Undergrad: 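My structure is below; once you've seen it, I'll send some questions.
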Amino acid sequence: MNLFDLQDEVAVVIGGTGVLGGALAEGLAAAGAKVAVVGRNAERGQARAKAIVAAGGQADFFAADALQRESLRAANERIERELGAPTILVNAAGGNDPKVTVTTERAFAQIALEDWRANFDLNLVGGVLLPCQEFGTTMAARRCGSIINLASAAGHLPLSRVVAYSAAKAAVLNLSRFLAREWAPRGVRVNTITPGFFPGEQNRRLLFNADGSPTPRAAAILTHTPMGRLGEAHELVGAALFLASTRASSFVTGADIVVDGGFLAQTI
Ligand SMILES: NC(=O)c1ccc[n+]([C@@H]2O[C@H](COP(=O)([O-])OP(=O)(O)OC[C@H]3O[C@@H](n4cnc5c(N)ncnc54)[C@H](OP(=O)(O)O)[C@@H]3O)[C@@H](O)[C@H]2O)c1
């Protein structure tokens with residue numbers, strides 16, 4: 001028996017249009033799951049689904065806004081009709097917003113409340129709360145499911161400058177454990193993956209200069225990372241397969257798997 005075989009599973013990847021969610025969608029499909037790539041950007045979503053199908057997997061793009069309950073509900077119904085009832089939910093929508101980053105021009109006290117709220121909404125409400133209410137509740141009604149929420153190293157200890165994002169990701173870790181406890185008696189497991197630093201669209205400008213050389217911030221991250229490098233999106237797939245597979249992780253809920261090259265293990 002292959003512990004990581006996901007044949008017969010239907011995986012919903014919200015933020016599957018992005019860098020990490022896209023890699024997770026591909027990894028879940030390669031393990032046999034039918035994958036619903038979910039997000040707002042149809043062009044990127046369809047391209048990702050097409051790449052999965054071209055590689056021999058099964059996938060389709062389903063447009064949804066994670067901040068709109070009705071939009072998630074409609075996507076859930078459509079996915080069930082077209083792929084089958086979801087059994088795996090990966091929440092990979094989220095990110096930092098430069099408007100809530102502390103800079104030399106913008107002190108902590110100058111962060112606008114509406115910008116703070118928008119970043120909390122994205123990472124906590126759209127990133128976990130609403131998708132878990134919509135997809136998680138239907139999984140709990142069927143007494144089967146695995147939910148994987150993407151946290152961040154910033155949620156364990158606040159990173160310099162990215163204050164709202166760090167606080168929201170700390171809440172993601174906390175809410176995920178609440179849901180693990182809430183839904184364990186109803187057959188749904190809820191875990192988190194904590195990525196360290198993975199180059200993507202949203203952090204590219206923070207990490208790299210125009211000529212591709214690392215910024216002082218990226219150099220500081222690398223110095224603080226025992227493995228001395230950034231992660232690559234496909235390096236999250238193993239953790240996701242473990243958490244997604246009921247055979248592999250049947251007694252695992254409320255757990256967090258850190259994939260960060262040792263970043264969180266290092267002090268001095
Ligand atoms: N990259 C890293 O180093 C890193 C480190 C730690 C944690 N993370 C976390 O990992 C997750 C994925 O990050 P990433 O680097 O892959 O970022 P990304 O490429 O920007 O992907 C994020 C995705 O979120 C989706 N999204 C944003 N708002 C949405 C909404 N209202 N409804 C539906 N989808 C929405 C976007 O899809 P649409 O535009 O299609 O809506 C986008 O594809 C995030 O939670 C991030 O905080 C990333």
Side-chain angles (χ1 to χ4, degrees), residues 12-27 36-49 61-76 89-98 100-101 118-131 134-135 148-159 162 164-173 175-176 192-208 217-218 221-222 225 229-237 239-240 256-261 263-264:
V12 176
V13 184
I14 303 185
T17 49
V19 175
L20 301 189
L24 292 174
E26 288 184 2
V37 175
V38 178
R40 296 163 305 174
N41 188 310
E43 198 180 327
R44 279 189 281 123
Q46 277 156 0
R48 186 66 75 171
F61 170 67
F62 296 84
D65 183 340
L67 286 163
Q68 304 294 330
R69 184 184 299 285
E70 288 310 320
S71 173
L72 290 171
R73 190 165 293 173
N76 193 5
L89 170 66
V90 177
N91 279 314
N96 185 48
D97 183 334
V100 283
T101 302
N119 200 242
F120 251 70
D121 272 358
L122 171 60
N123 287 292
L124 189 58
V125 176
V128 178
L129 177 67
L130 289 179
E134 291 305 316
F135 289 89
I148 302 169
N149 296 325
L150 287 211
S152 166
H156 290 251
L157 280 174
L159 291 182
V162 291
Y165 176 73
S166 296
K169 288 295 189 180
V172 165
L173 287 161
L175 176 58
S176 300
T192 49
I193 294 177
T194 286
F197 294 86
F198 291 72
E201 288 314 315
Q202 50 181 276
N203 58 14
R204 194 172 302 283
R205 266 179 299 141
L206 274 176
L207 298 177
F208 301 106
R217 188 171 178 83
I221 290 165
L222 293 174
T225 302
R229 64 173 176 87
L230 303 176
E232 292 178 26
H234 68 84
E235 294 182 293
L236 293 173
V237 170
D256 179 51
I257 300 186
V258 178
V259 184
D260 70 346
F263 180 85
L264 284 173

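The structure presented is a predicted model; accordingly, all values stated were derived computationally and were not measured. Counting from 1, the numbers follow the sequence of the chain as shown. For ligands, and for the atoms within them, numbers begin at 1 and follow the listed sequence.
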Undergrad: Any donor and acceptor pair, going by atom type alone, linking the side chain of K169 with main-chain N or O of P158 inside 3.5 Å?
TA: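 Side chain of K169 to backbone of P158: no pair is present.
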
Undergrad: List for me each residue that meets ring-ring contact (aromatic ring centres under 6.0 Å, His included) alongside F198, sequence neighbours excluded, and say none if there are none.
TA: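 F198: no ring-ring contact (aromatic ring centres under 6.0 Å, His included) contacts found.
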
Undergrad: Rounded to the nearest 0.5 Å, how far apart are CG of N91 and OG1 of T192?
TA: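 Rounded to the nearest 0.5 Å, the CG-OG1 separation comes to 11.5 Å.
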
Undergrad: Tabulating one pair per line, provide the atom names and distances (0.1 Å) for every N/O atom of ligand 1 that is less than 3.5 Å from a protein N/O atom.
TA:
unit_1	atom_1	unit_2	atom_2	d
ligand 1	1 (N)	F198	O	3.0
ligand 1	3 (O)	F198	N	2.8
ligand 1	3 (O)	F198	O	3.0
ligand 1	3 (O)	N203	ND2	3.3
ligand 1	16 (O)	V19	N	3.3
ligand 1	16 (O)	L20	N	2.7
ligand 1	17 (O)	Q202	NE2	2.8
ligand 1	19 (O)	V19	N	2.9
ligand 1	20 (O)	Q202	NE2	2.6
ligand 1	28 (N)	R40	NH2	3.2
ligand 1	31 (N)	D65	OD1	2.8
ligand 1	32 (N)	A66	N	2.7
ligand 1	37 (O)	T17	OG1	2.8
ligand 1	39 (O)	R40	NH2	3.4
ligand 1	39 (O)	R44	NH2	3.3
ligand 1	40 (O)	T17	OG1	2.7
ligand 1	40 (O)	R40	N	2.9
ligand 1	40 (O)	N41	N	2.8
ligand 1	41 (O)	R40	N	2.9
ligand 1	41 (O)	R40	NE	2.6
ligand 1	41 (O)	R40	NH2	3.3
ligand 1	43 (O)	T17	OG1	2.8
ligand 1	43 (O)	G18	N	3.0
ligand 1	43 (O)	R44	NH1	3.4
ligand 1	45 (O)	K169	NZ	2.8
ligand 1	47 (O)	Y165	OH	2.7
ligand 1	47 (O)	K169	NZ	3.2

Undergrad: Excluding sequence neighbours, so at least two apart, what forms side-chain contact (heavy atoms from CB on, under 4.5 Å) with S71?
TA: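 Only A64, D65, Q68 meet the side-chain contact (heavy atoms from CB on, under 4.5 Å) criterion with S71.
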
Undergrad: Hey, can you pull the donor-acceptor pairs under 3.5 Å for the side chains in residues 121-128, sequence neighbours left out?
TA:
unit_1	atom_1	unit_2	atom_2	d
N123	OD1	G95	N	2.8
N123	ND2	G95	O	2.9
N123	ND2	N119	O	3.1
N123	ND2	N119	OD1	3.4

Undergrad: If you look at every heavy atom in A23 and H234, which pair is closest and at what distance?
TA: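 Minimum heavy-atom contact is CB-N, 4.2 Å.
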
